[in-house]
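Report on one structure; see the data block that follows.
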Amino acid sequence: MTLNELRYIVTLAQEQHFGRAAERCFVSQPTLSIAVKKFEQELGIALFERSKTRVQVTPLGERIVGQAQLVLEQSAAIKDIASAGKDQLSSPLSVGAIYTVGPYLFPHFIPQLQKLAPDMPLYVEEGYTSTLRQRLRKGELDAIIVALPFTEADVVVQPLYDESFVVLMPAGHPLAANSVVQPSQLALENVLLLGEGHCFRDQILEACPQLQQSINRDSNGQLRTVADGSSLETLRHMVASNFGITVLPLSAAATSQYASGVLVTRPFATPEPQRTVALAWRASFPRHRAIDSLRNAINQCQLQA
């Protein structure tokens with residue numbers, strides 16, 4: 001029984017697909033399949049039910065996978081303790097951020113962090129909240145930047161800053177004549193949203209309940225077209241093509257490759273919907289100076305904004 005085998009079964013249980021699990025573990029599909037089969041033979045039980053289209057964990061397998069997850073977390077804690085004996089600002093720091101924060105925050109805080117900790121290598125990635133949560137627990141990421149609410153056992157969560165939402169629209173759109181936009185006005189528009197799984201989509205629908213009610217049908221009972229975009233930049237391009245309007249966090253609205261006069265933004269009426277962006281890290285993570293440097297770099301970006 002090895003840590004790699006434990007990592008394989010945990011990842012396979014999450015993905016329910018040998019190919020995707022192998023890709024996440026950076027091994028070939030046959031390698032992962034053989035290792036899982038060997039592990040099952042060692043235990044003398046079947047951990048997974050296999051079909052042509054799906055891999056499903058058995059009831060007993062769920063208990064073993066849960067225990068394997070705990071072992072991996074403890075293994076990561078051991079590495080953290082070992083790292084604490086080294087220079088806290090010289091070992092690599094791995095930071096993840098949700099898709100709607102990373103592209104707009106990374107370019108600003110990375111130069112600041114390099115000034116504060118010039119000898120600390122930095123690895124960054126973007127992902128869904130659920131994926132970042134798992135990678136943080138497994139020790140694959142040292143800290144993550146997410147939107148509240150976010151709770152996780154044995155994880156410290158600290159708010160960083162609040163960010164307002166704004167409406168992005170073509171310059172000639174009727175709503176552009178208003179100084180502010182009421183959330184209820186969006187119910188009558190073709191609003192472009194991120195796809196399922198993005199927490200920002202959920203935050204918009206929570207802030208604009210009328211929009212949630214009108215996503216599928218308009219007042220005449222006719223189907224409406226609401227496109228699910230894969231990224232905020234995709235939604236921006238669709239708005240520029242007069243396909244509809246969208247809602248962006250203020251940091252995303254401040255950056256645009258379009259010429260002046262193509263797109264405009266309007267704030268929401270008071271109280272403006274907003275989100276709180278937070279930093280999260282394992283409570284057992286011993287490199288407090290690295291976390292402090294990361295937090296200070298982000299705070300300096302906000303002060304300069």
Side-chain angles (χ1 to χ4, degrees), residues 1-43 45-58 60-80 83 91-103 106 121-147 150 152-155 194-200 228 230-231 280-282 284-285:
M1 184 182 303
T2 66
L3 289 178
N4 276 340
E5 290 173 339
L6 298 181
R7 188 172 294 108
Y8 293 162
I9 67 169
V10 168
T11 306
L12 182 57
Q14 293 169 349
E15 295 293 339
Q16 298 184 345
H17 187 278
F18 276 99
R20 292 194 299 269
E23 184 176 351
R24 276 187 53 189
C25 293
F26 302 102
V27 297
S28 66
Q29 182 172 331
T31 297
L32 184 137
S33 180
I34 292 172
V36 171
K37 189 65 176 178
K38 176 185 174 184
F39 189 69
E40 289 178 318
Q41 291 173 347
E42 179 181 347
L43 296 178
I45 60 171
L47 299 177
F48 300 95
E49 295 179 12
R50 299 160 172 84
S51 68
K52 293 183 179 180
T53 58
R54 188 180 181 190
V55 179
Q56 186 171 355
V57 188
T58 65
L60 183 56
E62 288 185 356
R63 295 174 57 189
I64 293 175
V65 167
Q67 190 64 37
Q69 177 69 64
L70 293 176
V71 173
L72 292 174
E73 291 174 9
Q74 291 302 314
S75 173
I78 291 174
K79 294 179 180 179
D80 290 342
S83 297
S91 299
L93 186 70
S94 299
V95 180
I98 55 176
Y99 287 114
T100 58
V101 169
F106 285 154
L122 181 66
Y123 169 80
V124 297
E125 69 174 64
E126 299 168 13
Y128 293 108
T129 300
S130 58
T131 303
L132 298 178
R133 182 195 304 270
Q134 294 171 4
R135 289 178 60 75
L136 179 68
R137 297 252 351 151
K138 291 165 61 178
E140 296 172 349
L141 290 172
D142 300 320
I144 58 176
I145 303 169
V146 294
F150 181 88
E152 184 71 19
D154 301 319
V155 170
L194 290 172
E196 297 286 348
H198 286 277
C199 59
F200 186 63
D228 286 343
S230 59
S231 72
W281 66 94
R282 294 183 305 281
S284 61
F285 188 63

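Along the sequence shown, the residues carry numbers beginning at 1. Because the structure is predicted, anything quoted here is derived from the model rather than measured.
- Between Glu5 and Glu42, the closest side-chain pair of non-hydrogen atoms falls below 4.5 Å.
- Going from atom CG of Asp142 over to atom CG of Leu122 covers 10.0 Å, rounded to the nearest 0.5 Å.
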Exercise for the section: Apply side-chain contact (heavy atoms from CB on, under 4.5 Å) to the pair Ile144 and Arg135, showing each step before the final yes or no. Expected result: CA-CA 9 Å; Ile144 58 176; Arg135 289 178 60 75; over 6 Å; no

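- With sequence neighbours excluded, the residues satisfying side-chain hydrogen bond (donor to acceptor under 3.5 Å, both in side chains) with Arg133 are Glu152.
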Exercise for the section: Would you please test Glu125 and Leu132 for side-chain contact (heavy atoms from CB on, under 4.5 Å) and show each step? Expected result: CA-CA 9 Å; Glu125 69 174 64; Leu132 298 178; 4.2 Å; yes

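- Looking at residues two or more places apart in sequence or on another chain, you find no side-chain hydrogen bond (donor to acceptor under 3.5 Å, both in side chains) involving Tyr128.
- Val10 and Ala68 get closest at one heavy-atom pair: CG2-CB, 3.8 Å.
- Two residues are said to be in side-chain contact when any heavy atoms from C-beta on lie closer than 4.5 Å; Val57 and Leu47 fail this criterion.
- With contacts defined as side-chain heavy-atom distances shorter than 4.5 Å, the pair Leu194/Tyr99 does not qualify.
- Heavy atoms from other residues, nucleotides or ligands lying under 6.0 Å from CZ of Arg50 number more than 12.
- Side-chain contact check for Glu40 versus Val36: some heavy-atom pair is nearer than 4.5 Å.
- Annotation: Gln134, atom CD; neighbour count of heavy atoms from other residues, nucleotides and ligands within 6.0 Å is above 12.
- The two atoms that bring Ala13 and Val65 nearest to each other are CB-CG1, 3.8 Å, heavy atoms only.
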Problem - Test log, rule side-chain contact (heavy atoms from CB on, under 4.5 Å), inputs Phe39 and Thr2 - result: CA-CA 9 Å; Phe39 189 69; Thr2 66; over 6 Å; no

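- Every residue two or more places apart in sequence or in another chain was checked for a salt bridge (Lys or Arg N to Asp or Glu O under 4.0 Å) with Glu62, and none qualifies.
- Rounding to the nearest 0.5 Å gives a distance of 8.5 Å between CG of Leu43 and CG of Leu60.
- Heavy atoms only, all atoms of each residue included: Cys25 and Thr11 are closest at SG-OG1, 3.5 Å.
- In this structure, CD in Glu73 is found 4.0 Å from CZ in Arg137, a value given to the nearest 0.5 Å.
- No side-chain heavy atom of Pro92 sits less than 4.5 Å from a side-chain heavy atom of Tyr123.
- The CD1 atom of Ile34 sits 11.0 Å away from atom OH of Tyr8, with the distance rounded to the nearest 0.5 Å.
- Contact record, Leu12 with Ala21: CA-CB, 3.8 Å, taken as the closest heavy-atom pair.
- Note: Leu32 CG to Glu15 CD = 10.5 Å, rounded to the nearest 0.5 Å.
- Exactly one residue among Ile45, Thr58, Leu6 makes a side chain to side chain contact (heavy atoms under 4.5 Å, CB included) with Ile64. That residue is Ile45.
- At least one donor-acceptor pair under 3.5 Å links the side chain of Arg282 to the backbone N or O of Leu141.
- Taking CD of Gln74 as the reference point, atom OG of Ser284 lies at 8.0 Å (rounded to 0.5 Å).
- A pairwise comparison of heavy atoms in Gln29 and Gly19 identifies OE1-CA, 3.5 Å as the closest pair.
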Problem - Pair Leu72-Glu140, side-chain contact (heavy atoms from CB on, under 4.5 Å): steps then yes or no - result: CA-CA 10 Å; Leu72 292 174; Glu140 296 172 349; over 6 Å; no

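- At a threshold of 4.5 Å between non-hydrogen side-chain atoms, the residues Gln69 and Gln14 count as touching.
- Proximity of Phe200 to Val101: side-chain heavy atoms (C-beta onward) are nowhere separated by under 4.5 Å.
- Here the closest heavy-atom approach between residue Val95 and residue Phe106 is recorded as O-CZ, 4.5 Å.
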